[in-house]
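Below is one structure; the comments refer to it alone.
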Amino acid sequence: MSISTETDESARKEQAVTDKVLASFDSTASPRLREVVQSLVRHLHAFARDVRLTQAEWEAGIEFLTRTGHITNHRRQEFILLSDVLGLSMLTVAINAPATAGATESTVYGPFFVDAAPEIPFGGDIAGGASGTPCLVQGTVRSTDGTPVRGARIDVWEADDDGFYDVQYDGDRIAGRGWLRSDDEGRYRFWSVVPASYPIPADGPVGDLLTAAGRSPMRPAHLHFKVAAAGYRTLITHIFVAGDEHLDHDAVFGVKDSLVVDVVREDPGNAPDGTTRNEPWAQIRFDIVLTTGHEE
Ligand code: BEZ
Ligand code: FE
């Protein structure tokens with residue numbers, strides 16, 4: 001048999017495996033599940049052919065995913081982290097982004113949202129003991145046609161000055177998170193701390209992957225928002241701090257220019273909410289524009 005005939009024969013055998021697997025999903029009752037699974041099989045098989053996957057590499061991949069599962073628990077989601085560093089999370093955000101011009105852009109959710117965050121009043125403080133320079137964050141929530149959105153639920157969460165979320169500490173600490181509602185004019189206002197940059201959890205398999213690739217685990221300083229209102233698409237986003245040294249190499253590819261805001265540093269004195277600050281503080285303005293659609 002000539003070399004090219006042997007190659008043709010191997011390619012035919014490889015394709016026969018793929019075709020058989022694809023056909024095994026032909027009777028999947030849900031058309032969408034069938035589409036997704038068959039496409040996944042096609043792309044997975046194409047990937048294995050593309051890199052000529054060795055048996056040892058297949059085993060290393062299984063071992064990697066096994067470690068990813070073992071380190072995942074109710075406080076740590078290593079699979080989301082893997083999706084994040086592979087850019088799959090941001091690609092999914094891009095695929096599902098609303099086409100509406102003028103709406104605030106979305107970015108990655110991240111693993112540190114907590115349902116049981118405390119409600120805070122308009123102008124209240126979400127710090128809850130988190131370390132950092134006090135920071136007044138305020139703005140409006142509007143529709144793309146400029147109408148104020150009243151009663152929007154605004155969830156916010158952030159790491160402290162040491163780069164850790166409350167859930168990364170032992171115990172049941174709640175700090176650096178809370179939610180409030182926009183007022184009748186669509187305004188919102190709360191105190192927090194100036195966001196800090198931090199590394200994503202890098203002591204697991206995802207961290208090993210970043211190290212092997214010579215990639216930084218750092219995320220630029222940011223504050224997370226989830227904004228929900230009846231009749232509007234729920235917005236998941238962050239604001240990033242202008243000038244942060246990690247803006248151009250976010251480990252999870254979440255930065256968008258429209259989400260980079262100025263943090264204005266202020267000396268002790270009177271703040272615009274009528275309070276007097278005895279220490280240096282800062283302020284951020286962030287106006288939010290929602291697009292109509294379904295809450296998710
Ligand atoms: C975060 O911003 O909280 C985050 C996002 C993706 C991976 C890890 C952390
Ligand atoms: Fe974060």
Side-chain angles (χ1 to χ4, degrees), residues 64 67-69 71-94 96-97 104-117 126-128 130-133 135 137 154-169 173-179 190 192-211 213 215-227 234-242 244-256 258-261 263 284 286:
F64 180 88
R67 287 174 58 214
T68 302
I71 205 168
T72 295
N73 58 33
H74 69 291
R75 294 172 83 93
R76 175 159 182 173
Q77 230 305 352
E78 193 81 356
F79 282 105
I80 293 184
L81 209 56
L82 180 58
S83 162
D84 293 338
V85 303
L86 292 177
L88 180 61
S89 308
M90 277 310 287
L91 178 60
T92 308
V93 168
N96 292 284
T104 301
E105 292 194 278
S106 313
T107 189
V108 65
Y109 209 167
F112 297 123
F113 175 78
V114 167
D115 264 326
I126 66 155
S131 58
T133 303
C135 184
V137 184
I154 304 164
D155 274 271
V156 285
W157 64 106
E158 66 173 341
D160 63 18
D161 217 23
D162 294 317
F164 294 109
Y165 286 83
D166 50 4
V167 291
Q168 294 178 286
Y169 288 94
R173 181 184 168 109
I174 297 184
R177 67 178 72 244
W179 66 274
F190 61 90
S192 62
V193 293
V194 172
S197 54
Y198 63 85
I200 62 170
D203 57 344
V206 170
D208 292 346
L209 177 63
L210 294 184
T211 304
R215 274 177 55 182
S216 163
M218 292 303 292
R219 292 219 65 204
H222 61 273
L223 170 66
H224 293 258
F225 279 77
K226 176 178 179 184
V227 186
T234 298
L235 171 70
I236 309 276
T237 197
H238 334 329
I239 48 177
F240 294 92
V241 174
D244 187 284
E245 61 178 309
H246 304 292
L247 277 176
D248 64 354
H249 55 259
D250 181 2
V252 304
F253 310 99
V255 179
K256 291 180 174 173
S258 68
L259 301 176
V260 179
V261 299
V263 174
I284 293 175
F286 178 51

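Model, not experiment: these values are computed from the prediction. Order of listing sets the numbers, starting from 1, for every ligand and every atom in it.
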Within the protein, flag every N or O under 3.5 Å from an N or O of ligand 1, and note the pair and distance.
| residue | atom | partner | partner atom | Å |
| --- | --- | --- | --- | --- |
| ligand 1 | 2 (O) | Tyr198 | OH | 2.7 |
| ligand 1 | 2 (O) | Arg219 | NH1 | 2.5 |
| ligand 1 | 2 (O) | His222 | NE2 | 3.0 |
| ligand 1 | 2 (O) | His224 | NE2 | 3.0 |
| ligand 1 | 3 (O) | Tyr165 | OH | 3.3 |
| ligand 1 | 3 (O) | Tyr198 | OH | 2.8 |
| ligand 1 | 3 (O) | His224 | NE2 | 3.2 |

Polar side-chain atom of [X] near backbone of [Y] as donor-acceptor pair, under 3.5 Å:
X	Y	answer
Ser192	Ile126	no
Lys226	Thr234	no
Arg177	Asp166	no
Asp244	Ala221	yes

*Near the Fe ion (ligand 2), which protein N/O/S atoms are found at less than 2.8 Å?*
Tyr165 OH, Tyr198 OH, His222 NE2, His224 NE2
Any idea how [X] and [Y] line up, ring-wise: parallel (<30°), tilted (30 to 60°), or perpendicular (>60°)?
X	Y	value
His238	Phe240	tilted
His246	His249	perpendicular
Tyr169	Phe164	perpendicular

*For Ser89, what residues pass the side chain to side chain contact (heavy atoms under 4.5 Å, CB included) criterion, not counting sequence neighbours?*
Ser83, Asp84, Val108
_Set of ring-ring contact (aromatic ring centres under 6.0 Å, His included) partners for Phe112, sequence neighbours left out_ =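 Partners of Phe112 under the ring-ring contact (aromatic ring centres under 6.0 Å, His included) test: Tyr165.
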